[in-house]
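Taking it in order: structure first as C-alpha cells, then the write-up.
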2 protein chains.
Amino acid sequence: MDRKRCENCIVRQFNSLRAMSKEELKKVSDSKTMKTIKKGQPLFEEGEKLNGVYCVRDGVSKLSKLSANGKDQIVKLASKGEVMGQRSVIAEEHSNLSAVAVSDMEICFIPKETINTSLQKNPNFTLEVLRHMAHDLKEADDVIVNMSQKTVKQRIAEAFLYLKNNFGEDGEGFLALTLSREDIANVVGTATESAIRIISEFKKKGLIHTSGKRVGIKDERKLRDLAEGF
Amino acid sequence: MDRKRCENCIVRQFNSLRAMSKEELKKVSDSKTMKTIKKGQPLFEEGEKLNGVYCVRDGVSKLSKLSANGKDQIVKLASKGEVMGQRSVIAEEHSNLSAVAVSDMEICFIPKETINTSLQKNPNFTLEVLRHMAHDLKEADDVIVNMSQKTVKQRIAEAFLYLKNNFGEDGEGFLALTLSREDIANVVGTATESAIRIISEFKKKGLIHTSGKRVGIKDERKLRDLAEGF
DNA sequence: GTAATACTATGATAATTATCAGCTTTTATG
DNA sequence: CATAAAAGCTGATAATTATCATAGTATTAC
C-alpha cells in the first residue's frame with residue numbers, strides 16, 4: 001500500500017478531507033506535491049497569495065501575524081492532520097498569516113483548483129469544512145477573551161498546559177514540542193524578557209522544570225489553578 | 001409588497017441568505033418569527049442551546065463571553081443584516097457567546113431545521129456561509145493581534161474609529177451607536193475606570209468631544225495615528 | 001576547537017494598567 | 001418633580017508589564 005497516496009493517509013482522518021469520496025481523494029492525491037520543510041523555514045508569508053492549501057503530515061508550524069510594533073503574534077500552532085491556508089483559498093484573499101516551521105515538517109500542498117472543485121460539487125465536503133471553520137472561530141473567540149482578560153502569568157501557565165495536551169511529553173517528562181522563549185512570548189503576546197522572568201518564577205515555585213530551552217510540567221494541578229485565576 | 005417577507009427584505013442582501021433560491025426563501029419566510037427586543041434585553045445566553053439563527057433587521061447586539069474574573073468580553077457587535085448564532089447551529093454546539101441588545105432591535109428568528117435543510121441541499125448557500133465564516137475568522141485573528149500587541153489607549157482609539165466606520169454618525173457629529181463606558185471597556189478588554197480615564201484624556205487633547213455618554217470624533221487623523229502607534 | 005552568533009537570564013527602572021474609595025452627574029421610576 | 005439607582009468621573013496607590021542594559025550560556029559555522 002502506497003502510504004503517500006491520500007487514500008491511504010492516516011492524517012486525513014483528522015481533517016475535512018475525510019468527507020471526500022474515493023474519486024475525489026484520487027484527484028487530490030494526483031494533484032498534490034509533498035515537501036519537507038526544515039525547522040525555521042517559512043511555508044508562506046503574510047500577504048502572499050496562496051495557490052492551494054497545506055496539509056501537515058508531520059511536524060508543527062506556527063501561524064503568526066506581524067503587529068504594527070514589529071512583534072509577531074502567534075495565532076495558532078498547526079500539527080499533524082491540520083490544514084493551513086484554507087481560509088485564504090476559500091475567501092479568495094491574500095493570506096493574513098505567515099507560516100513558519102517550528103520543527104522539521106512533512107507537508108502536502110494541494111492546489112486550490114482541486115479544493116474548489118470539491119467545494120462546488122460535494123456539499124458534504126463543504127459542510128465538513130464549514131464545521132471545522134466554525135470550530136476554529138469558537139477557539140479564536142476563546143483566545144480573544146484570554147488575551148484581554150488574563151494576566152501574562154495566567155496566559156503562560158495556560159500555554160504550557162496547551163502544549164502538553166496537544167503535543168504531549170517526551171520520555172524524560174519534557175514537553176514534546178520545544179518552543180524558544182521568544183516563541184512562547186509571541187504566543188501569549190508579551191515581551192520575551194517578561195516571559196523568561198515568569199518561566200524562571202514557575203521553576204522556582206516548582207510548577208515546572210527546565211533543561212536548556214526544554215520545559216516540563218511538574219505540578220499540573222497548581223499550574224491549572226494559576227491559569228484559572230486562583 | 002410585503003416587506004416582512006424574506007423575499008423582499010433588503011437586509012438579506014448583506015448576508016448569506018442571498019445565495020438562497022426563491023423557494024428556499026419562501027420556506028425561510030414561512031418558518032421564521034419576528035421579534036422586537038428592547039435595549040438591554042438578552043437574545044440568548046452563553047451555554048444555551050440555540051434552536052435557530054437570528055437575523056438582525058434593525059438595531060445592534062453585543063456578542064460577549066464571560067471571563068473567569070467575572071468580566072464580560074465583547075467579541076463582536078452585530079448590526080443590520082448580520083446573522084447571529086450560525087456558528088453554534090452549524091457545529092451543533094451550545095452557544096459560546098451571549099447576545100444582548102445595545103439598542104432597540106428588530107430581529108427574525110429562523111429555526112435551525114430550515115437552515116440545515118438548505119445547508120444540505122444548496123451547495124451555493126453552504127459555500128456562501130463558509131465564505132462569511134472565513135471572513136469572520138480573519139477578523140478574529142486581527143482582534144487577537146490587537147488585543148495582545150496594542151495598548152489600551154490604542155485599542156480605545158481604534159474602537160471609536162470602528163464605531164464610526166460601521167455605524168456612522170448622527171446629525172450632530174456624534175457616533176450613531178452610543179455605548180456605555182462599561183461596554184467600551186468590555187470591547188477593548190480593560191477596567192471601566194481605565195477606559196473613562198483615557199476617554200477624558202482624548203477629550204482634553206481634542207481628539208474627541210463628548211456630551212453625556214455620547215462621543216463624537218473630532219480629529220480622525222490623530223486618532224488613527226494614535227491607534228497605529230505613532 | 002574556537003570564534004561568532006543567537007538565545008537565555010537577571011537587575012534596575014519606567015510606563016502602563018488595575019483597584020479601591022469617594023464624589024458628581026445622569027437616568028429611571030413612582 | 002422628587003428621589004433612588006445607575007453611570008460617569010477623579011485621585012491615590014498598588015500591581016503588572018515593558019524597556020534598557022548587561023552578562024552568562026548554548027549553538028553554529030568555519
Side-chain angles (χ1 to χ4, degrees), chain A residues 38-41 67-73 100 102-104 146-157 159 174-175 178-205 208-216 226-227 229, chain B residues 38-41 62 67-73 100 102-104 146-157 159 174-175 178-205 208-215 226-227 229:
Chain A
K38 280 254 180 310
K39 177 176 171 176
Q41 282 189 328
S67 71
N69 62 34
K71 275 186 198 162
D72 253 344
Q73 174 66 38
V100 174
V102 290
S103 64
D104 290 348
N146 282 340
M147 284 297 181
S148 43
Q149 302 283 359
K150 290 194 172 177
T151 65
V152 173
K153 209 174 287 185
Q154 289 178 299
R155 269 140 55 198
I156 290 184
F174 291 105
L175 294 171
T178 301
L179 294 178
S180 71
R181 302 296 194 249
E182 190 183 0
D183 277 343
I184 294 174
N186 289 346
V187 166
V188 304
T190 190
T192 307
E193 299 96 317
S194 297
I196 289 174
R197 233 181 279 278
I198 288 170
I199 291 170
S200 300
E201 189 192 323
F202 284 1
K203 191 178 175 182
K204 262 186 212 134
K205 286 192 182 162
I208 59 173
H209 56 112
T210 68
S211 168
K213 56 174 59 173
R214 289 188 302 166
V215 173
L226 201 161
Chain B
K38 280 254 179 311
K39 176 176 172 177
Q41 282 190 327
K62 60 179 173 184
S67 72
N69 62 33
K71 275 187 199 162
D72 254 344
Q73 174 65 38
V100 174
V102 290
S103 64
D104 289 347
N146 282 340
M147 284 297 181
S148 45
Q149 302 283 359
K150 291 194 172 178
T151 64
V152 173
K153 210 174 285 185
Q154 289 178 300
R155 269 140 56 197
I156 290 183
F174 291 104
L175 294 171
T178 300
L179 294 178
S180 70
R181 301 296 195 249
E182 190 182 0
D183 278 342
I184 294 174
N186 289 347
V187 166
V188 303
T190 190
T192 308
E193 299 96 318
S194 297
I196 289 174
R197 234 181 279 278
I198 289 169
I199 292 170
S200 301
E201 190 191 323
F202 284 0
K203 192 178 173 181
K204 263 186 211 132
K205 285 191 182 162
I208 60 173
H209 56 110
T210 68
S211 167
K213 56 176 60 174
R214 290 189 302 166
V215 173
L226 201 160

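Numbered from 1 within each chain, the chains take letters A, B, ... in sequence-line order. Heavy-atom basis, side chains included; hydrogens, waters and symmetry copies ignored.
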Protein-nucleotide distance (A/Arg214, atom CZ; C/dA9, atom P), rounded to Å:
14 Å
Main-chain N/O of A/Lys39 paired with A/Asp104 side-chain donor or acceptor, under 3.5 Å
yes
Check whether any side-chain N or O of B/Arg214 sits under 3.5 Å from a backbone N or O of B/Thr178 as a donor-acceptor pair, and report yes or no.
no
When every non-hydrogen atom of A/Ala157 is compared with those of A/Ala227, the smallest separation belongs to CB-CB, 4.0 Å
How many Å lie between CD1 on A/Ile196 and C1' on C/dA6, as a whole number?
12 Å
Atom pairs, protein N/O to nucleotides 20-24 of chain C N/O, distance under 3.5 Å:
residue : atom : partner  : partner atom : Å
C/dC20  : N4   : B/Glu193 : OE2          : 3.4

Heavy-atom distance under 4.5 Å between the side chains of A/Gln73 and A/Ser67, does that happen here?
no
Between A/Gly212 and B/Lys213, the residue closer to the 5' end of DNA chain D by nearest nucleotide is B/Lys213
Restricting to salt bridge (Lys or Arg N to Asp or Glu O under 4.0 Å), what partner residues turn up for A/Asp72, sequence neighbours left out?
none
Sugar-phosphate only, base, or nothing, as touched by A/Lys203 at under 4.0 Å among non-hydrogen atoms:
nothing
Select base, sugar-phosphate, or nothing to describe what A/Ser194 touches, counting heavy atoms under 4.0 Å on all strands.
base
So what does B/Thr192 touch, heavy atoms closer than 4.0 Å: a base, only the sugar-phosphate, or nothing?
nothing
Would you compute the distance between atom CZ of B/Arg155 and atom CD1 of B/Ile184 and round it to the nearest 0.5 angstrom?
14.0 Å
Describe the nucleic acid contact of B/Lys71 in one word from base, sugar-phosphate, nothing, applying a heavy-atom distance below 4.0 Å.
sugar-phosphate
What integer distance in Å separates A/Phe202:CZ from C/dA9:P?
14 Å
Quick one: on DNA chain C, does A/Arg181 or A/Ser148 contact a more 5' nucleotide (nearest heavy atom)?
A/Arg181
For A/Glu193, give me all partners under side-chain hydrogen bond (donor to acceptor under 3.5 Å, both in side chains), at least two apart in sequence or on another chain.
none
End-to-end axis angle, where each axis spans five pairs of the helix from C/dG1-D/dC30 to C/dG30-D/dC1, to 10°
50°
Residues 194-202 of chain A, side-chain donor-acceptor partners within the protein, below 3.5 Å, at least two apart:
residue  : atom : partner  : partner atom : Å
A/Ser200 : OG   : A/Ile196 : O            : 3.0
A/Glu201 : OE2  : A/Lys153 : NZ           : 3.3
A/Glu201 : OE2  : A/Lys205 : NZ           : 3.0

Could you give the start and end, 5' to 3', of the contact zone on DNA chain D for chain B, using atoms under 4.0 Å from its heavy atoms?
D/dA7 to D/dA12
On a heavy-atom basis, the closest approach of A/Glu182 and A/Thr192 is CG-OG1, 3.7 Å
To the nearest 0.5 Å, what is the distance between CZ (A/Arg181) and CG (A/Asn186)?
13.5 Å
Interatomic distance where CD belongs to A/Glu201 and P belongs to C/dA9 [whole Å]:
14 Å
Quick one: closest heavy-atom pair of A/Gly229 and A/Gln154, and the distance?
CA-NE2, 3.1 Å
